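Remember, predicted model here, so these are calculated numbers, not experimental data. Here is how names work: the chains are called A, B, and so on, in the same order as the sequence lines, proteins then strands, and each is numbered from 1.
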Protein chains: 2
Amino acid sequence: MRLSTRGHYGLKAIMDLALRYGQGPVALRSVAERQGISEHYLEQLIALLRQAGLVKGVRGAQGGYMLAREPEKIKVGEVIRALEGPIAPVSCVKEGDPVACDRVTYCRARTVWLRVRDAVASTLDSISLADLCREAEDVRKGGHNAT
Amino acid sequence: MRLSTRGHYGLKAIMDLALRYGQGPVALRSVAERQGISEHYLEQLIALLRQAGLVKGVRGAQGGYMLAREPEKIKVGEVIRALEGPIAPVSCVKEGDPVACDRVTYCRARTVWLRVRDAVASTLDSISLADLCREAEDVRKGGHNAT
DNA sequence: CAAATTCCTACAAAAATACTCGGAATTCGT
DNA sequence: ACGAATTCCGAGTATTTTTGTAGGAATTTG
């Protein structure tokens, strides 16, 4: 029931961009340094985000990456799907193209996976990058300090 | 965001036992055949369930496995935790012993993982094996046929 | 033109997963 | 008491996925 570092790193990275939204392109190297992630590896992750239309790259000197839309309009669910593929605890309930197992009709467990999938999806889809930015802001102002 | 076959197969297997609760021990071989899982591999999975106190083994001829408690008293969450370890999309929000990352205070994403974890956990903990048995019963009686 | 940077593809190392194998211990039925 | 059925145990292996590394081509700025 775990996320790979793709989702983990990738969300960190896109949040780094979200916090700098409107300030021009941000070089990947600086993101990698701030977040403590290998630059080359991060490059591959951000490529997934770009292909999904969530970030835009600007080539050349002084180039970098930026969000393709306002932080309000990007849901965490989109980010995770771009990085990790369709949300699905098991393949027979994959969003989009479920891979039917041969025993669908007899499978007693499927309803569990459906519910888990929906719980995860609706959680992720209810949070936007802007929401997370606001939270970051609260913390900076000395708000509640979660352990 | 995927479950390994441990959780997948393991839940199938324990459901097989749940549907035969009260009818004496069920040989692992028969479970493996019905569910289409390698017997040797299933053996290892059921060992996890036994160590977690969810099933009991009865050795010798005519032996087999049975639930250690009534199906009502076993939640799917316990089964999944026994097979896959603590529920945690990422290690810094692991149930029980979270592994703090060095950037906890600055991490903008952590709140997402906490919410996902809780959504998954509460979903899994709200379903008992008996619930799934009832559903199976409904289907057998020609109830609604999910795709 | 030089420096900075994205973009692309292929390869490689490490870790986790999904098994296989062989055999010891236990119990039942005869 | 014996043989068959079965759990129980630990070690080994194959496959897949994850997590990177490497090198360089393309693009833009100054």
Original post:
How would nucleotides 9-17 of chain C be written as a contact map, 5' to 3', with B for base contact, S for sugar-phosphate-only contact and - for no contact, using protein heavy atoms under 4.0 Å?
Top reply: -B------S
If you restrict it to nitrogen or oxygen atoms, what contacts under 3.5 Å exist between nucleotides 13-15 of chain D and the protein, and what is each distance?
none

Protein-nucleotides 26-30 of chain C N/O pairs under 3.5 Å:
from    : atom 1 : to     : atom 2 : distance (Å)
dT26(C) : O4'    : R59(B) : NH1    : 2.9
dT27(C) : O2     : A61(B) : N      : 3.0
dC28(C) : O4'    : A61(B) : O      : 3.4

**OP:** With the side chain counted from C-beta on, respond yes when Q44(B) and R6(B) share a heavy-atom pair under 4.5 Å apart, and no when they do not.
**Re:** no
**OP:** May I have the distance from L83(A) (atom CG) to dT17(D) (atom P), rounded to whole angstrom?
**Re:** 18 Å
**OP:** Search all heavy atoms of P25(B) against all heavy atoms of G63(B) and return the closest pair with its distance.
**Re:** CB-C, 3.8 Å
Original post:
Any side chain to side chain donor-acceptor pair (under 3.5 Å) pairs touching residues 77-101 of chain A, not counting sequence neighbours?
Top reply: S4(A)-E84(A), R69(A)-E78(A), R81(A)-E95(A), R81(A)-D125(A)
Original post:
Do the side-chain N or O atoms of Y65(A) get closer than 4.0 angstrom to the phosphate oxygens (OP1, OP2) of dC7(C)?
Top reply: yes
Subject >> Among dC19(C), dT6(C), dG20(D), the one nearest Y9(A) by side-chain distance >> reply: dG20(D)
Original post:
Between H40(B) and R29(A), who's closer to the 5' end of DNA chain C by nearest nucleotide?
Top reply: R29(A)
Original post:
CG of L42(A) versus P of dT19(D): gap in Å, rounded?
Top reply: 13 Å
Original post:
Salt bridge check: are D118(A) and R115(A) linked by an N-O gap of less than 4.0 Å?
Top reply: no
**OP:** Check L17(B) against Y65(B) and note the closest heavy-atom contact, atom names and distance.
**Re:** CD2-O, 3.7 Å
Original post:
Do the non-hydrogen side-chain atoms of V26(B) and M66(B) ever get within less than 4.5 Å of each other?
Top reply: no
Subject >> Nearest-angstrom distance from the residue atom CG of L28(B) to P of dC9(D) >> reply: 14 Å
**OP:** Identify whether the distance between the nearest side-chain nitrogen and carboxylate oxygen of D16(B) and R20(B) falls below 4.0 Å.
**Re:** yes
**OP:** Measure the CE-CG distance between M15(A) and L67(A) for me, rounded to the nearest 0.5 Å.
**Re:** 9.5 Å
Original post:
Does the side chain of L129(A) come within less than 4.5 Å of L11(A)'s, by heavy atoms?
Top reply: yes
Original post:
Side chains of I127(A) and K75(A): closer than 4.5 Å at any heavy-atom pair?
Top reply: no
Original post:
How about C133(A) and L19(A): do any of their side-chain heavy atoms sit closer than 4.5 Å?
Top reply: yes
Subject >> Within residues 45-53 of chain B, residues whose heavy atoms come under 4.0 Å of DNA chain C >> reply: none
Let me have the donor-acceptor pairs involving side chains of residues 45-62 of chain A, under 3.5 Å, with sequence neighbours excluded, atom names and distances please.
none

Subject >> Separation of atom NZ in K56(B) from atom P in dT6(D), rounded to whole Å >> reply: 19 Å
